[in-house]
Amino acid sequence: MMPVAMVGRVAELTELGRAWSSLARSGRPVRRTAVITGAGGVGKSLLVAAALDAFDPAPATVLFGTARVHSPAPYDWLAAVLTGRDTAGLPLPADALAWLAQHPNAPRERYAPGTLLRLAVQTVRALVGAGPAVLVVEDLHALDPASLNLIGELAAAPGLRALLLVASRPPEAAVAPELAARTLARLTGAPGAIRQHLGPLTRDQVAAVLAQVYPDTGIADALVEAVHERTGGNPYRLTELLATQGGHGPEGLVREPVPEHRVSEQASTAQRWSEPVGAELTAREVEVLGCLAAGMSNKQVARSLGISVRTVTVHVSNLLRKTGSASRTEAALWAVRRQLTGPTQPV
């Protein structure tokens with residue numbers, strides 16, 4: 001059975017898998033670029049996560065970076081990549097590394113912009129090594145100009161054996177629209193680049209999702225139409241609707257009002273859960289699962305629970321394994337099917 005999160009995205013997932021397989025099995029130092037664009041909530045991050053899970057052979061090195069939620073700073077992407085890593089062996093001057101890692105005690109005197117960019121590329125090369133590796137760029141539209149320049153350089157870096165996997169909203173939604181547009185053009189113009197644009201789910205695709213969530217219930221065409229109209233085919237909105245109202249049965253998806261999205265209440269609701277049936281989850285895993293079902297990103301979960309993003313990543317991995325889910329969306333729906341949602345609050 002096709003994972004719920006990948007309904008309507010199978011062709012894109014297959015294309016990414018072929019690109020990685022070709023790169024990973026090639027003995028040559030080649031690079032590939034894949035750019036996934038679309039409006040907020042269309043499933044760009046879910047597609048990236050599903051691709052990483054499905055890549056064969058499994059990537060030995062994944063460098064994952066994203067922008068700050070607020071107040072972007074120079075080299076946010078690389079700073080996120082370096083967070084929690086042992087950087088002692090990197091062939092960089094300590095003061096330059098402190099700048100790139102956004103260390104609070106970085107020296108006041110900084111390198112010239114061109115020199116710092118060259119050192120940033122050198123840092124990524126050192127982390128990739130002989131490869132093959134996957135470089136994940138989440139939310140390119142929210143990145144600072146220095147990070148955008150770095151991503152552009154990496155797409156053109158000779159001898160870098162890596163797949164550059166980029167997710168972004170359209171340039172007009174970017175922190176630096178013109179630079180983001182130029183960077184996206186540079187990425188998609190790279191030799192062998194893959195360009196994928198995700199749109200909303202069709203009515204039939206929404207019907208396929210509902211059929212998986214409620215396998216023992218006949219879903220009327222009128223209900224499918226109403227859910228499609230209510231969510232606009234947006235996968236995030238559909239997931240949020242299922243997480244908040246799915247426990248009331250299919251009719252609840254159109255009968256009940258959608259609760260207001262409030263992060264603090266979602267977290268407190270998660271803390272009141274009892275242990276889910278069918279899996280032995282720790283109290284912290286229960287809290288994380290609650291945040292996932294509420295539609296939070298890893299960074300939002302970390303802020304809500306007061307833990308690091310890396311720790312959230314570990315918990316999510318454990319949750320997927322324990323619940324037998326192929327994605328974070330399926331883990332959320334796993335909770336819905338077991339009626340772990342309250343009557344008015346999201347899990």
Side-chain angles (χ1 to χ4, degrees), residues 2-20 32-55 64-67 134-143 148 151 155 163-175 177 180-181 183-190 192-213 224 227-243 292 295-300 325-333:
M2 184 191 310
V4 168
M6 290 300 100
V7 170
R9 308 295 187 231
V10 174
E12 290 85 356
L13 182 61
T14 301
E15 184 178 31
L16 294 176
R18 284 199 301 263
W20 167 253
R32 292 292 301 273
T33 301
V35 179
I36 305 168
T37 57
V42 296
K44 300 182 295 294
S45 296
L46 288 173
L47 178 58
V48 169
L52 289 173
D53 288 341
F55 280 168
F64 183 97
T66 188
V134 181
L135 314 183
V136 179
V137 182
E138 278 277 11
D139 296 333
L140 177 137
H141 61 276
L143 283 175
L148 292 175
I151 301 306
L163 172 63
L164 185 59
L165 192 52
V166 179
S168 178
R169 294 186 187 183
E172 55 267 23
V175 171
T183 302
L184 287 171
R186 186 176 182 182
L187 296 176
T188 54
I194 295 172
R195 173 68 185 269
Q196 298 179 347
H197 183 76
L198 304 186
L201 299 179
T202 65
R203 180 193 173 285
D204 289 343
Q205 289 165 349
V206 169
V209 171
L210 296 179
Q212 290 191 41
V213 176
V224 173
V227 171
H228 183 259
E229 182 177 351
R230 188 173 196 184
T231 62
N234 185 286
Y236 173 80
R237 294 174 192 161
L238 178 58
T239 301
E240 187 176 54
L241 182 63
L242 288 167
L292 295 186
M296 295 187 198
S297 67
N298 281 6
K299 187 173 289 188
Q300 289 171 321
S325 301
S327 70
R328 52 199 295 132
T329 301
E330 283 196 284
L333 296 177

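Count residues from 1 along the sequence.
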If I compare all heavy atoms of H228 with all of L201, which pair ends up nearest, and what's the gap?
NE2-O, 3.1 Å

Quick one: are T14 and R9 in side-chain contact, heavy atoms under 4.5 Å?
no

For the student: nearest non-hydrogen atoms of G232 and P200, plus distance:
O-CB, 3.4 Å

With a 4.5 Å heavy-atom cut-off, do V42 and Y236 have their side chains touching?
no

Option among V175, T183, L148 that satisfies the side-chain contact (heavy atoms from CB on, under 4.5 Å) test with L143
L148

When rounded to the nearest 0.5 angstrom, what is the spacing between CG in L46 and CG in L13?
11.5 Å

Identify which one of I36, L16, V166 satisfies the side-chain contact (heavy atoms from CB on, under 4.5 Å) criterion when paired with V48.
I36

For the pair V7 and Q212, evaluate side-chain contact (heavy atoms from CB on, under 4.5 Å) and give the outcome as yes or no after the intermediate values.
CA-CA 10 Å; V7 170; Q212 290 191 41; 3.6 Å; yes

Does any non-hydrogen side-chain atom of E240 lie less than 4.5 Å from one of T231?
no

Can you find a heavy atom in the side chain of L198 that is under 4.5 Å from one in the side chain of E12?
yes

Can you see which heavy atom on D139 is nearest to which on A67, and at what distance?
O-CB, 4.4 Å

Can you check whether R230 reaches L238 side chain to side chain, under 4.5 Å on heavy atoms?
no

Does atom CD of E15 have more than 12 heavy-atom neighbours from other groups under 6.0 Å away?
yes

Mind checking the NZ-OG1 spacing from K299 to T66? Nearest 0.5 Å is all I need.
5.0 Å

What residues form a side chain to side chain donor-acceptor pair (under 3.5 Å) with E138, not counting sequence neighbours?
S45

Minimum heavy-atom separation for A167 and K44, please, with both atom names.
CB-CB, 4.1 Å

Quick one: are I194 and R32 in side-chain contact, heavy atoms under 4.5 Å?
yes

Shortest non-hydrogen pair, A155 vs L187, comes out as CB-CD2, 3.3 Å

Euclidean distance, N298 CG relative to Q300 CD, rounded to 0.5 Å
9.5 Å

H141 side-chain N/O to P171 backbone N/O, donor-acceptor pair under 3.5 Å
no

Minimal heavy-atom distance between F55 and L163, with the atoms involved, is CZ-CD2, 3.8 Å

Would you check if L165 and V137 make a side-chain contact, meaning some heavy-atom pair closer than 4.5 Å?
no

